[in-house]
Number of protein chains: 2
Amino acid sequence: MSTPPSAPRRATITDVAREAGTGKTSISRYLNGEMSVMSPELRARIEAAIARLNYQPNQMARGLKRGRNRLIGMLLADLTNPYTVEVLQGVEAACHALGLMPLICHAANEVEMERRYLQLLTTYRVEGVIVNALGVSEETLRPVGGSGIPAVLVDRQVDGLIADMVGLDNRAAAELGVRHLMDQGFDDIWFVVQPFAQVSSRQLRHTAFLDAIGRYGGALRVERDSHGERANPGPRGAARGHTLVLDLADAGETARSLAELDRAIDSAAADSGSSPPAHRRIALFAANAPVALCVALHLKSRYGADWQTRAALVSIDDPDWAELTGITTIRQPTYEIGYRAVEFLHERIEGVQATARDCLLPGELIVRASTSR
Amino acid sequence: MSTPPSAPRRATITDVAREAGTGKTSISRYLNGEMSVMSPELRARIEAAIARLNYQPNQMARGLKRGRNRLIGMLLADLTNPYTVEVLQGVEAACHALGLMPLICHAANEVEMERRYLQLLTTYRVEGVIVNALGVSEETLRPVGGSGIPAVLVDRQVDGLIADMVGLDNRAAAELGVRHLMDQGFDDIWFVVQPFAQVSSRQLRHTAFLDAIGRYGGALRVERDSHGERANPGPRGAARGHTLVLDLADAGETARSLAELDRAIDSAAADSGSSPPAHRRIALFAANAPVALCVALHLKSRYGADWQTRAALVSIDDPDWAELTGITTIRQPTYEIGYRAVEFLHERIEGVQATARDCLLPGELIVRASTSR
DNA sequence: CTGTTAGCGCATTCAA
DNA sequence: TTGAATGCGCTAACAG
């Protein structure tokens, strides 16, 4: 039977050599830009042969031979988060500029996926990995970092994994948010965050929030989690800080937490009306966009379209619906985070041996109607 | 100088063979699951050696040898569009199930990027490509499709490129939207869409919109673009259809188009008040989420938070802010689109020779406050 | 059942 | 200035 013309075998370097009437070595030299020492005549013949055969060198083979394939892994915890997509843009731009090709792996919030992808990446012999990991411990990240292949972390640290990190300056960002809210006269601020035991950036944001409240607000007491205690009203001009943990992965938990939030909002509204609006508003400080969205959706379903008269919302991250909804945000320098991450990684790949570096980039406060009275 | 312990060269198949005191062939057999004919004793030794050396086979080398590397390319026009991310989820799941590894390439709406990535993909010898292309002609897609490497299109066709396609049933979707709007009593419907000369799905949606208006509404005339003509009011119970082209890539054009929209809204409101609400509302039918967002942002800035009292909005695509805003949407079966695309591609890679197939999946209408009075 | 041999497509010595 | 030979890590005949 005749083979259908489906697979007109791709030309190899040997084909080109034959076509150009020369040896493979010269072709290889040409491909690698070692033109300096090559007769213009030969060079022309090679050029022609390559064009005629529509030859394209096989990256796999090149990689196998020289030991580096210009591939880097990009492990993403959650592409659903606009933050991730934006970081990716920076990553792609940088890769492009540095001649790298990113292998994008989306763990979709599944630890098992993360493990598998990591393994796959090493199997493809990527030269390095950029990790925006789930909150898992080093255990699954064994192959990378320190003694393994070069790695740089994005947004969060991973316990026991020593590597460069680039992300938001969480401390400054939290302060920015708290200060803004206090400037706007809010004295009851709820920090809403996903479970942060495993994710360093969440922890940092939370800690910084507490510190800021302490510093600027002279908070008296802060309640953690849903232990049900209410903080005592602070002295005039002080602010009270609260923390609400929202476990988006657990519907039941989420509902419970939101119910607690409702109580806080209602009781604030019930407080004697020393403030102009119909009800006194509390302020909500979301640690990231997914949390902000969850809260906003809930409040809207509970209080209707004008839920923002019940609570002010500010969020770290600036998703596209923020402008539409009018919530205040702290925008992360996402593109630059991605770009820098690749630059760091590239340096490591090239052999730079400095001790682990941290690159903390500042966020930008974007004030919208939500917090301006 | 001594090499720092940075790169403890990865074990190769040869190392394992030596460690296990056997030949490479047996190791290879083990790796490929050909255990049936292998003494349990040898097998155990191999297992141990692999574990001891923490050996992981090099995919590049395997690919080079067998001629297939299990890599497929995924060319994405715009990751910023939630649609894309959702499709990607399906793609990843399917790849996972079929033992494929997707190389994700994000063209970020740049034709040049698209070209470069395509070239890069062939250079890495991907076995196939899933293309969600920009509106470019086959020219840049030369290497794929028909005579090149297997390809399947997502969401849109590409002129001159014959390949399997999977996407939304645009005709049914447009009808769903129009019918719903008419059921709700809207008689003035504006279809808002990005320039559709190059993108088949936009064209299809538009055509289907016009047809639906014609069929159900008995439209009298339809205006195209910004020629400034107003359609005559139709007979009682009929609906008028209009088309507004929004070029999101051109701020000036966008502003002009939106101004036209404003005029339409204002003049509708000025019409004698035969309808209950303060102003008569026209309906906007966005061809996709980016368009819907742009329109919503504009209306909000022009009419304030209650812009929805001026215009009803329904959109194809169901971004996460739709629920928050309360606009009606037609949700695409994105996950399945991605999944099916990979299945098609896999079949092609395995040699299936059927003529180009089209897989049209139905959308789902999600009614929200925007269109329910 | 198991080991030997010969490449996959390319980069790199080393001669010529 | 150019080419022939060698081998990257692995699989696939082909013997034993």
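Just so we're on the same page: letters track the sequence lines, and every chain starts at 1. Predicted, not measured: the structure shown is a model, and the values here were computed from it.
- Between B:S39 and C:dT2, a side-chain N or O to OP1/OP2 separation shorter than 4.0 Å is present.
- Across residues 42-50 of chain A, not one residue has a non-hydrogen atom less than 4.0 Å from an atom of DNA chain C.
- Applying the salt bridge (Lys or Arg N to Asp or Glu O under 4.0 Å) criterion to A:R68, with sequence neighbours excluded, gives A:E127, A:E350.
- The salt bridge (charged side-chain N to carboxylate O under 4.0 Å, His left out) analysis of residues 79-104 of chain A, with sequence neighbours excluded, yields the pairs A:E86-A:R331.
- Put simply, the side chain of B:D164 never gets that close to the backbone of B:V152: no donor and acceptor are under 3.5 Å apart.
- Applying the side-chain contact (heavy atoms from CB on, under 4.5 Å) criterion to B:Q59, with sequence neighbours excluded, gives A:T123, A:Y124, B:R62.
- Counted by atom type alone, B:T84 and B:D78 present zero donor-acceptor pairs between their side chains at under 3.5 Å.
- In terms of heavy-atom proximity, A:E19 sits nearest to A:A49 at CG-CB, 3.6 Å.
- A distance-only check finds no donor-acceptor pair linking the side chain of B:R29 to the backbone of B:E34 [under 3.5 Å].
- When atom types are taken as modelled, the side chain of B:T122 and the backbone of B:R125 share no donor-acceptor pair closer than 3.5 angstrom.
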- Query: When every nucleotide of nucleotides 8-16 of chain C is labelled 5' to 3' by its protein contacts under 4.0 Å (heavy atoms), B for base, S for sugar-phosphate only, - for none, what sequence of letters results?
  - Reply: BBBBB----
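- For the residue pair B:P57 and B:L31, the shortest heavy atom distance occurs at CB-CD1, 4.0 Å.
- Look at CZ on B:R68: it is 11 Å from P on D:dA12, rounded to the nearest Å.
- The separation between B:Y30 atom OH and D:dT11 atom P is 14 Å, rounded to whole Å.
- A salt bridge links A:R357 to A:E347: at least one charged side-chain nitrogen sits closer than 4.0 Å to a carboxylate oxygen.
- Direction of the helix axis in the helix from C:dC1-D:dG16 to C:dA16-D:dT1 shifts by 40° between the two five-pair termini, rounded to 10°.
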